[in-house]
Amino acid sequence: MQKPKGTKDVFGFEQNLKKLVISTLNEIASLNNFEEIETPIFEHRDVFFESVGETSDIVSKEMYQFKDQGSRDLVLRPEGTAPIIRAIVENKLFAKPLPLKLFYQGPMFRYENPQKGRQRQFNQFGVEVLGEKSPYLDAEVILMAASILDAFKISYQLKINFLGNQNTLKKWSETLTNYFKKYEKQLSPISQKRLYKNPMRILDDKIDSKHDFVKNAPQVKDFYSEEDKAYFQTLQTFLKNIGLEFTIDYKLVRGLDYYSDTAFEFVSTSKDAGAQSTLIGGGRYNNLMKKFKGPDLSGIGFGLGIERFILELKNLIRAEELEESVQVYVINLEQKTTAAALGIVYMLRKSGIKTAWNYQPTKLLKAFNKADKIGAKIKIIAGTKELKNNQVTVKFKEKQELVTLENLVSHLTKKLD
Ligand code: HAM
C-alpha cells in the first residue's frame, strides 16, 4: 500500500524542520499581536464557492469534494481565508475590538499536479487582519511577511500589484472580456466559460496563461481611479522609505476571486526553488465578509506554504543542528536490576532530563556502544553492588564516579549545564 499521490510522510530531518518553522511562525505571530484560530479541516462546499470563486482553478478544478452520510456537500478546505471569515461571522467575533488579528495553521487540500513544492495535501500558515483599511496596514502586513523570511534567512523577491477598487475591477473585467473574445477559440473550455463570468481568472489559468495573447492582455493600471493611484503610491513610498525592496508586477492577480486593492507575493530567489517558487501570497479583500452575511469589514492577509519553507531550509540548515540527542543513558546489566533502572529513568525524565535505557539487560560494552551511537552525553550504570548502597556509577567523558540516588538529579544537571 502506498500513500495517495501528492501527499507526504514526514519524519526525521524534515519533521524537525517543520517543528522549527511552526515554532518560529508562532513566535512571530505573537510578537505581531495575532491570536490563533482553528477551524475545521472540512467545510460546506458553499464556503469556497462564492468567495474563492466558482470560476477559479481552486474551486472549478482542484477541490476534494464529497457527500457525507447525510448527503451534505462537503469539501476538504483548499485554503484558509474563507473559513476564517465564515468563523468570524458565525461566532460574531467582529463584535470584539477591531482590528481583529487572527492567525491559523494546518493542512489544506488541492487536487493539483504534484511536483517539487506542490502537493495535494500541504500545510499553510496564514494571518488575517479585519476591520481596517489603510495603505499603512497593508505595509505592516507585508513587513510581517518579510520578517518571517528574514528570520529564516531565506532570500526573496517581493512583487506587489494594486487591483483597484470594485469599480476599477469591473471596468477592467469588461475590457478583458472584449479583448479575449477575439481569441475565444484558442481558449480552453473552462476559460471559454470564464470569458463572460470572470475573465480575470483566464490570466492565472495554469494552461491558458502561457499564450502570448494572455500575457499581452490589458492591465489593471490603465483603469485606476485617482483614489486607487493615491493609495498605491502611499504604500510604495512607505515601503521604499523603510528600505523594503519590491517590484511592481501588474500581471499579479492571485488566482482567488476575493482580492481587490493590494496584492503581493514573495518569491524565492534560490536556485533550488523549482517552478513553485511563491513562498508567501496575500492581499486585501473587501466584500468577503458581506458574502457571509456579516458586517462589511475590509480585510488583508497572507498565506505561506510550510513545505516550501522546508525545501528552502534544507539547504540552509544542517540536520545535526536540529537533532536533540539523548542526555543520559541508563545501563541495566541484570534482570534483577531492571525495575530499579526504570525507577531511575522515571525520576530523571520527571526532572526534565532526556533519558534512554536498555530494558533488556545487556553486556556493559554493548550498552556503552549503544549510548554513544545515540549521542548520550552521560552514561549511568545501575549495577547490583552500587544500588545496594543507593548509588549508581556516573560516567561523563572519561571520568567515572559514584553518586547517591538522592544527589543524582542535581549532579547530572550541573554536568549537563
Ligand atoms: P495561495 O496563494 O493560494 O493563497 O496560497 C498561499 C501559499 O500556500 C502559496 O504561496 C504557497 O506557498 C502555498 N501553497 C499553495 N498551494 C500549494 C500546494 N499545492 N502545495 C504546497 N504549497 C502550496 C491563499 O491560499 C490565500 N488564502 C492567502 C491569503 C490569506 N490571502 C489573504 N489572506
Side-chain angles (χ1 to χ4, degrees), residues 5-8 10 18 21 25 29 34 37 39 43 47-48 51-53 56-59 61-64 76-86 88 100-130 137-138 141-142 144-145 148-149 152 154 156-161 163 201 204 206 252-268 273-289 297-313:
K5 192 173 167 186
T7 64
K8 257 184 156 213
V10 188
K18 186 173 170 197
V21 171
L25 290 170
F34 281 80
I37 181 167
T39 59
E43 292 272 356
V47 168
F48 304 99
S51 56
V52 175
S56 66
D57 270 9
I58 292 178
V59 170
K61 301 181 188 172
E62 296 172 359
M63 285 210 296
Y64 278 89
L76 296 180
R77 63 180 178 195
E79 64 102 46
T81 308
I84 300 303
I85 305 302
R86 196 258 321 126
I88 291 173
L100 267 181
K101 296 177 78 177
L102 300 172
F103 82 96
Y104 51 93
Q105 53 206 332
M108 309 286 160
F109 304 83
R110 296 184 191 175
Y111 188 76
E112 294 193 88
N113 252 345
Q115 50 179 270
K116 190 174 175 187
R118 191 202 272 165
Q119 295 168 211
R120 292 185 174 170
Q121 177 177 336
F122 59 99
N123 286 283
Q124 250 189 16
F125 165 90
V127 307
E128 313 294 343
V129 185
L130 277 304
L137 175 56
D138 298 5
V141 171
I142 292 173
M144 176 181 172
I148 291 174
L149 291 157
F152 292 109
I154 295 175
Y156 59 83
Q157 186 195 8
L158 166 61
K159 294 181 185 175
I160 57 173
N161 190 11
L163 298 170
R201 291 287 73 87
D204 49 38
K206 287 192 182 80
L252 185 78
V253 286
R254 299 270 314 114
L256 304 97
D257 273 4
Y258 46 66
Y259 292 113
S260 54
D261 302 305
T262 307
F264 58 92
E265 280 184 3
F266 287 82
V267 179
S268 166
Q276 302 309 312
S277 55
T278 305
L279 296 162
I280 302 181
R284 182 164 282 286
Y285 44 89
N286 289 318
N287 289 318
L288 199 47
M289 204 170 286
L297 298 184
S298 179
I300 181 165
F302 62 77
L304 69 79
I306 290 178
E307 286 75 11
R308 292 194 187 169
F309 270 62
I310 292 174
L311 275 177
E312 295 281 328
L313 295 179

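Start at 1 and go down the list; that is how both ligands and their atoms are numbered. Computed from a predicted structure; not experimentally measured.
Aromatic pair Y258/Y285: centroids less than 6.0 angstrom apart.
The two residues L297 and L130 come nearest to each other via the heavy atoms O-CD1, 4.4 Å. Shown here for F302 and Y104, the closest heavy-atom pair between the two residues is O-OH, 4.2 Å.
Contacts between R308 and ligand 1, counted as non-hydrogen atom pairs separated by less than 4.0 Å, involve the side chain only. For F302, every heavy-atom contact with ligand 1 shorter than 4.0 Å involves the backbone, none the side chain. At a heavy-atom distance under 4.0 Å, no atom of I300 approaches ligand 1.
The shortest contact between atom 31 (N) of ligand 1 and any protein heavy atom is with Y259 OH, 2.6 Å. Atom 27 (N) of ligand 1 has its closest protein heavy atom at E79 OE1, 2.6 Å. Taking atom 4 (O) of ligand 1 as the reference point, the nearest protein heavy-atom neighbour is R254 NH2, 3.1 Å. Among all non-hydrogen protein atoms, the one lying nearest atom 18 (C) of ligand 1 is F122 CD2, 3.4 Å. Scanning the protein heavy atoms around atom 21 (C) of ligand 1, the nearest turns out to be G117 O, 3.3 Å. At the top of the distance list for atom 19 (N) of ligand 1, counting protein heavy atoms only, stands E112 OE2, 2.6 Å. The protein atom (non-hydrogen) at minimum distance from atom 20 (N) of ligand 1 is Q119 N, 3.0 Å. At the shortest separation from atom 6 (C) of ligand 1 among protein heavy atoms lies Q124 NE2, 3.3 Å.
Contact check for V141 versus F264: side-chain heavy atoms found under the 4.5 Å cut-off. Side-chain contact between F48 and R77: present, with at least one pair of heavy atoms (C-beta onward) separated by less than 4.5 Å. You'll find the side chain of N123 reaches within 4.5 Å of the side chain of E307, heavy atoms only.
Between L256 and ligand 1, not a single N/O pair is under 3.5 Å apart. Ligand 1 has a nitrogen or oxygen under 3.5 angstrom from a nitrogen or oxygen of T278. Residue Y258 places at least one N or O, backbone or side chain, under 3.5 Å from an N or O of ligand 1. Inclusion of G305 in the set of residues having an N or O under 3.5 Å from an N or O of ligand 1 is warranted. Backbone and side-chain nitrogen or oxygen atoms of T81 are examined, and one is located within less than 3.5 angstrom of a nitrogen or oxygen of ligand 1.
A salt bridge is absent between D57 and R201: the closest approach of a Lys/Arg side-chain nitrogen to an acidic carboxylate oxygen does not fall below 4.0 angstrom.
Counting heavy-atom neighbours within 6.0 Å of Y111 OH, excluding the residue itself, gives a total of 12 or less.
R118 places no side-chain N or O within 3.5 Å of a backbone atom of G6 that could act as its donor or acceptor partner. Not one N or O on the side chain of E265 forms a donor-acceptor pair closer than 3.5 Å with the backbone of V267. When atom types are taken as modelled, the side chain of R110 and the backbone of I58 share no donor-acceptor pair closer than 3.5 angstrom.
Of the candidates E128, M108, E307, it is E128 that places a heavy atom closest to atom 33 (N) of ligand 1.
If you number the atoms of ligand 1 from 1 as listed, the ones under 4.0 Å from a heavy atom of G303 come out as 6 (C), 7 (C), 28 (C), 29 (C), 30 (C).
Taking the side chain to side chain donor-acceptor pair (under 3.5 Å) definition, one finds that N286 meets it with S260, D261, S298, sequence neighbours left out.
For G282, the heavy-atom gap to ligand 1 drops under 4.0 angstrom.
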